Amino acid sequence: MVSAALQPHSIVVIGSAPDLNRCWWRSSLPTLEQTCFLEVPQGGSLTLMHLLFLIAHGAGRVVILASSESGNAHLQRAVAEANLLCNKFLNTNELVTICTPEDLGSHLSQDGSTELSFRPYCDLSFVNRRHELSSILGYLSAASESDITLEENEVRFIDTIVCDDERCTQCLACLNSCKIESLSADNATYSICWNGSLCVGCQSCVEACPEEALTYRGGAVLTADYFRPVEVSRADPMVCEGCGKVFGTKKSFEKVMAILTAKQKTPAEHLHYCEDCRVVKLLEDQ
């Protein structure tokens, strides 16, 4: 793979090989300076991440070639979301547009490339598309130096999960269901953290939580904290009365005690001990 830096304020034209060829052979197409042509077999496969990637790397305008408007609902939504975010972050309008190959010349002559004020994003590392989108959004947010509010459904897959710390028992069922790993646990502090920029709003954690401690809210406020793990729940460790080893949290222990009490059973004394000391305690009581 060959990589090359994008010249600042360049116009990026994206299209399939047939659509690009149709443009190049048209005599009406003007001589284009500082224009980068990218071949993408299926323009409909472009996502918000791809479009913002180009803007963050310095593109002053992105034009996507499409032979027809039909069948491009996904692409149109991605373009609308990219323009919305650029307007909020950078105070610009219509940085990303769609046109037919036949109309490219007249389309480009209408408006020039936008000169962006921030230093281009230069990170070419890649984990997955969500991590890349998170990194780019964080970069644009820092460049704008202001918090951005997104209402529900304004941008897909940018949502908020709220945790009720009083209800959370640190069972970690939510972590097991979060495949994107927006939720994480810190074993040293017995806390659960949430990285909003990685969350796709699938609500699998909400459904998995047995305590109904998690709540989904559409939309988000893109503050600096939204782009890093933030503690949403913390618990005190449960210490074994025999050896002093930590074997859980007080929240989970109190939950077990409440269940046993509700079933009219007297909680056994050995439950205050870790799994090793519990065996010893049971043998001593026999």
Side-chain angles (χ1 to χ4, degrees), residues 1-116 120-121 124 126 128-130 132-137 140 150-151 153-158 200-201:
M1 181 179 69
V2 178
S3 62
L6 186 66
Q7 292 297 315
H9 324 310
S10 295
I11 298 174
V12 178
V13 179
I14 305 175
S16 65
D19 283 343
L20 289 173
N21 284 328
R22 288 164 66 187
C23 294
W24 292 331
W25 286 103
R26 293 185 69 84
S27 59
S28 60
L29 187 66
T31 301
L32 300 175
E33 297 182 356
Q34 212 165 351
T35 302
C36 175
F37 291 87
L38 294 179
E39 180 194 347
V40 176
Q42 296 292 333
S45 65
L46 294 170
T47 65
L48 175 63
M49 183 276 291
H50 296 116
L51 301 178
L52 289 185
F53 179 90
L54 294 170
I55 298 298
H57 276 78
R61 190 173 179 191
V62 178
V63 180
I64 305 168
L65 300 179
S67 298
S68 66
E69 294 294 323
S70 61
N72 287 318
H74 174 79
L75 175 60
Q76 291 173 4
R77 181 65 188 269
V79 168
E81 291 172 342
N83 284 326
L84 171 70
L85 289 169
C86 287
N87 176 263
K88 287 179 177 289
F89 282 132
L90 310 172
N91 196 29
T92 60
N93 294 312
E94 297 293 317
L95 286 185
V96 185
T97 55
I98 303 175
C99 78
T100 64
E102 293 78 9
D103 294 334
L104 178 62
S106 59
H107 186 80
L108 293 179
S109 64
Q110 294 175 6
D111 297 296
S113 173
T114 300
E115 185 171 338
L116 303 177
Y121 174 86
L124 293 178
F126 186 82
N128 57 43
R129 285 189 298 178
R130 187 63 193 194
E132 185 68 18
L133 178 61
S134 167
S135 178
I136 294 170
L137 286 175
L140 294 177
L150 296 176
E151 302 298 334
N153 295 324
E154 269 197 307
V155 178
R156 293 167 296 176
F157 314 123
I158 295 184
V200 298

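For the single chain, residues carry numbers from 1 onward in sequence order. This one's a predicted model, so the numbers in the text were calculated from it and none came from an experiment.
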In Å, rounded to the nearest 0.5 Å, how long is the span from CZ of Phe157 to CE of Met49?
13.5 Å
From Ile136 atom CD1 to His50 atom NE2, the distance as rounded to the nearest 0.5 Å
9.5 Å
Contact check, side chains of Asn72 and Ile98, non-hydrogen atoms, under 4.5 Å
no
With a 3.5 Å distance limit and no angle check, can you tell me whether Glu154 reaches the backbone of Leu85 through a side-chain donor-acceptor pair?
no
Between Lys88 and Leu150, is a side-chain contact (heavy atoms from CB on, under 4.5 Å) present by the stated rule, with each step listed?
CA-CA 9 Å; Lys88 287 179 177 289; Leu150 296 176; 3.7 Å; yes
Should we say atom CZ of Arg77 is surrounded by more than 12 heavy atoms from elsewhere, each under 6.0 Å from it?
yes
The reported gap from CG in Asn153 to CD1 in Ile158 (rounded to nearest 0.5 angstrom) is 12.0 Å
Evaluate the side-chain proximity of Leu51 to Glu81: yes if any heavy-atom separation is below 4.5 Å, no if none is.
no
Shortest non-hydrogen contact from Arg156 to Ala78?
NH2-N, 3.6 Å
Spacing of CG belonging to Leu65 relative to OG1 belonging to Thr97, to within rounding of 0.5 Å:
9.5 Å
Is the closest side-chain donor-acceptor distance between Asn93 and Asn83 under 3.5 Å?
no
Nearest atoms (heavy-atom pairs only) where Leu20 meets Gly15
CD1-O, 3.6 Å
Nearest heavy-atom neighbours spanning Pro41 and Ser16:
O-CB, 3.7 Å
Tell me, do His74 and Thr47 make a side-chain contact under 4.5 Å, heavy atoms counted?
yes
Min side-chain heavy-atom separation Phe37-Val63 under 4.5 Å:
no
Can you check whether Ile55 reaches Leu90 side chain to side chain, under 4.5 Å on heavy atoms?
yes
Roughly how far, to the nearest 0.5 Å, is CG of Leu140 from CG of Leu52?
6.5 Å
Side-chain heavy atoms of Cys36 within contact of Val13, under 4.5 Å
no
Could you state the interatomic distance from CD (Glu132) to CG (Leu124), rounded to the nearest 0.5 Å?
8.0 Å
Residues Phe53 and His57: closest non-hydrogen pair is O-ND1, 2.9 Å
Evaluate the side-chain proximity of Leu108 to Thr35: yes if any heavy-atom separation is below 4.5 Å, no if none is.
no
